Amino acid sequence: GLTQTGWYNYDAGVWAHKWSVTDELHNIGDGNIGDYNIGEGDRRVQISIGSCFVDADEYTEQANVANCVSNEKSWYYDDTNYIFYIHIDNGHEPQIHSVTIGMTIGMSNRGGYYNDLYYEPRVLSVPDIERTKDPLFFGIIRFDSGSFSLINNDGYFDTITSNIIFGQPVRILFGGDDLDYSNFETVCKGYIEDLNLNYETADFTIIDNRKKLSKVLPVNTFNKTTYPNLDDDDIGKAIPIGYGEIYHAPVICINKAQSGTPSWTFKVCDTSDHSNGIQSIDAIYVDGVSKTITSSSLTNGTVTIANGDWDGQAEVTVDFKGLKDDSDNYLTNPLDIIKDILSVYAGVTYNSTNYNTTEWEASETHDLANDIGLFVDEETEISELIEQICTSVLGYFIVQSDGKYTFRILDTDEDVQRTIHIEEMLEPPEISWTGTQYLDECKVGYKRNWSTNSHRWYVNDTNKDTIYN
């Protein structure tokens with residue numbers, strides 16, 4: 001990123017940097033044969049900005065500087081005057097953050113200007129992109145990947161690692177000289193994961209957004225600095241997080257080592273990243289027996305009982321309603337919970353840059369997007385948590401070719417959206433039926449006991465007799 005000396009204040013909370021651009025020209029041929037023009041002559045190298053990250057959070061590009069002024073976590077690049085504008089949230093200055101500006105480098109299988117940017121003729125072959133569809137019923141998340149090789153026999157990429165390249169966006173477009181750039185098709189948007197250099201080629205591997213979801217939750221653990229009366233056996237254990245209605249969640253006493261006869265205080269939920277805390281604490285149990293709550297803090301996510309109600313050994317569990325977002329909304333909708341997890345713990349802001357907001361919001365209000373409860377007290381990757389949510393609503397979480405997140409819910413009663421004719425297909429479809437697999441019974445668990453991992457059950461076995469008879 002740029003140092004603070006490269007920035008100047010443009011407006012309240014908005015900072016700018018102006019590049020000094022020298023005239024570097026590419027000659028890509030000029031002349032004619034008969035009635036046909038050849039080449040475009042000399043053209044200036046154009047600076048193009050494709051992305052901006054602040055502390056690993058990808059900011060949203062705006063169409064003009066006025067929109068940048070109006071929207072936090074956004075940027076705008078004036079490619080006529082070579083001025084870059086950035087609006088960091090809370091009015092912060094760039095110097096207290098890590099700001100990475102992604103300058104676009106164009107590569108093609110043939111040299112030329114596309115969208116006023118010169119594309120070096122370095123692509124050796126059509127990039128190999130692997131895409132896998134998530135299983136509909138299970139919501140299992142699989143990471144798509146791709147690779148491509150660029151010519152490096154002149155050492156063009158030998159010093160590229162001196163720049164910040166890993167995790168930077170890559171966009172693969174399909175087009176041609178007879179198409180306007182606006183009609184180029186985005187085949188894939190990914191992020192650089194690996195680079196191998198040799199005397200002939202630079203070989204890149206890219207991944208999609210879902211690889212970012214490997215972060216483990218909960219993020220915080222119990223320690224003696226924050227909780228000086230914590231029992232030594234509880235040091236390093238995860239501080240749990242919870243969304244929606246949670247029943248019989250096991251909790252840890254944060255003053256077990258306190259001398260005397262204190263009231264016992266238990267940590268129900270980590271609220272350090274949620275200033276509005278949790279919705280409610282409804283009940284507390286010692287070995288399954290309900291006890292009287294003497295005090296509680298929804299902001300801190302703690303609950304207290306009398307000294308005589310716990311012997312220091314029995315299991316303590318709590319019924320509570322979980323986290324609220326920055327707008328003080330109690331989070332129960334499965335897609336709202338995913339958005340909160342991604343925003344708070346993975347730095348993925350909910351906006352039109354990161355999400356297909358139209359499709360996401362349609363799924364969010366779908367009749368099958370029923371309220372859920374999610375309790376996390378053991379280290380679990382974000383991807384696994386999203387998978388659990390997908391399973392609950394028969395939905396799946398995917399990354400589109402443009403890199404945006406979206407969510408789709410399986411609804412067998414949904415109206416047909418589009419008919420695909422056989423002449424539009426590259427090859428005829430195949431449908432496989434496995435004769436040994438039948439759905440004879442459906443069991444749905446609800447009101448989970450998080451201590452015993454047991455449920456109440458709804459059972460539908462109306463097809464059982466038909467199948468076996």
Side-chain angles (χ1 to χ4, degrees), residues 1-2 7 13-17 47-65 67-77 79 84-105 141 143-146 163-173 186-194 204-215 219 273 326 335 338-360 381-383 386 397-407:
L2 298 166
W7 298 97
V14 179
W15 296 79
H17 173 81
I47 291 178
S48 177
I49 304 299
S51 64
C52 176
F53 290 82
V54 178
D55 300 331
D57 190 359
E58 188 169 6
Y59 274 31
T60 304
E61 181 181 7
Q62 299 294 339
N64 52 59
V65 68
N67 287 352
C68 183
V69 172
S70 302
N71 293 278
E72 292 187 340
K73 291 190 174 184
S74 71
W75 63 273
Y76 168 69
Y77 177 58
D79 58 6
F84 181 85
Y85 301 89
I86 186 171
H87 191 169
I88 300 176
D89 57 332
N90 300 316
H92 287 177
E93 301 177 6
Q95 66 177 355
I96 62 175
H97 294 275
S98 174
V99 180
T100 303
I101 299 172
M103 188 174 295
T104 301
I105 301 174
I141 294 176
F143 300 134
D144 297 346
S145 62
N163 300 305
I164 301 173
I165 62 167
F166 297 106
Q168 293 304 300
V170 173
R171 299 167 186 85
I172 298 176
L173 308 178
T186 300
V187 177
C188 163
K189 178 187 176 183
Y191 298 83
I192 296 175
E193 182 179 42
D194 294 315
F204 293 83
T205 300
I206 60 174
I207 56 171
D208 71 15
N209 270 342
R210 286 177 290 185
K211 191 64 177 291
K212 290 184 174 182
L213 308 183
S214 58
K215 185 173 183 179
V219 294
D273 295 303
D326 288 341
L335 278 79
I338 292 176
K339 284 193 306 187
D340 188 77
I341 290 173
L342 294 181
S343 175
V344 173
Y345 302 110
V348 181
T349 304
Y350 180 75
N351 54 37
S352 58
T353 297
N354 298 323
Y355 288 80
N356 177 339
T357 54
T358 301
E359 191 168 67
W360 187 277
E381 290 189 359
I382 290 176
S383 59
I386 294 177
F397 175 91
I398 62 175
V399 175
Q400 300 179 156
S401 59
D402 58 5
K404 295 181 181 182
Y405 294 128
T406 191
F407 197 95

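A quick note: this is a predicted structure, and the numbers were derived from the prediction, not measured.
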Value rounded to 0.5 Å, distance of [atom1] in [X] from [atom2] in [Y]:
{"X": "D194", "Y": "I206", "atom1": "CG", "atom2": "CD1", "value": "11.5 Å"}
{"X": "I88", "Y": "H97", "atom1": "CD1", "atom2": "NE2", "value": "5.0 Å"}
{"X": "I86", "Y": "W75", "atom1": "CD1", "atom2": "CH2", "value": "10.0 Å"}
{"X": "Y85", "Y": "C52", "atom1": "OH", "atom2": "SG", "value": "14.5 Å"}
{"X": "L335", "Y": "T406", "atom1": "CG", "atom2": "OG1", "value": "9.0 Å"}
{"X": "D57", "Y": "S343", "atom1": "CG", "atom2": "OG", "value": "7.5 Å"}

Using side-chain heavy atoms (C-beta onward) and a distance below 4.5 Å, is [X] in contact with [Y]?
{"X": "E359", "Y": "Q400", "value": "yes"}
{"X": "N354", "Y": "L342", "value": "no"}
{"X": "T60", "Y": "N71", "value": "no"}
{"X": "C68", "Y": "Y59", "value": "no"}
{"X": "Y191", "Y": "Q168", "value": "no"}

Practice problem: Check the pair F84 / V99 against side chain to side chain contact (heavy atoms under 4.5 Å, CB included), numbers first and verdict last. | Solution: CA-CA 12 Å; F84 181 85; V99 180; 5.5 Å; no
So which atom in [X] and which in [Y] form the shortest heavy-atom distance, rounded to 0.1 Å?
{"X": "Q62", "Y": "S74", "answer": "NE2-CB, 3.4 Å"}
{"X": "P169", "Y": "E58", "answer": "CG-OE2, 4.1 Å"}
{"X": "N67", "Y": "N64", "answer": "N-OD1, 2.8 Å"}
{"X": "R171", "Y": "S51", "answer": "NH2-CB, 4.4 Å"}

Would you say the side-chain atoms of [X] pair up with the backbone N or O of [Y], donor to acceptor, closer than 3.5 Å?
{"X": "E72", "Y": "N90", "value": "yes"}
{"X": "H17", "Y": "W7", "value": "no"}
{"X": "K189", "Y": "K404", "value": "no"}
{"X": "K215", "Y": "Y345", "value": "yes"}
{"X": "N351", "Y": "T353", "value": "yes"}

Quiz item: Where do Y76 and V69 land on the side chain to side chain contact (heavy atoms under 4.5 Å, CB included) test, with the steps shown first?
Solution: CA-CA 9 Å; Y76 168 69; V69 172; over 6 Å; no
Quiz item: When you look at CG of D55, are more than 12 heavy atoms from neighbouring residues, nucleotides or ligands closer to it than 6.0 Å?
Solution: yes
Quiz prompt | Those residues that, when tested against Y355, pass ring pair (Phe, Tyr, Trp, His ring centres under 6.0 Å) (two or more places apart) | solution = Y350, W360, Y405
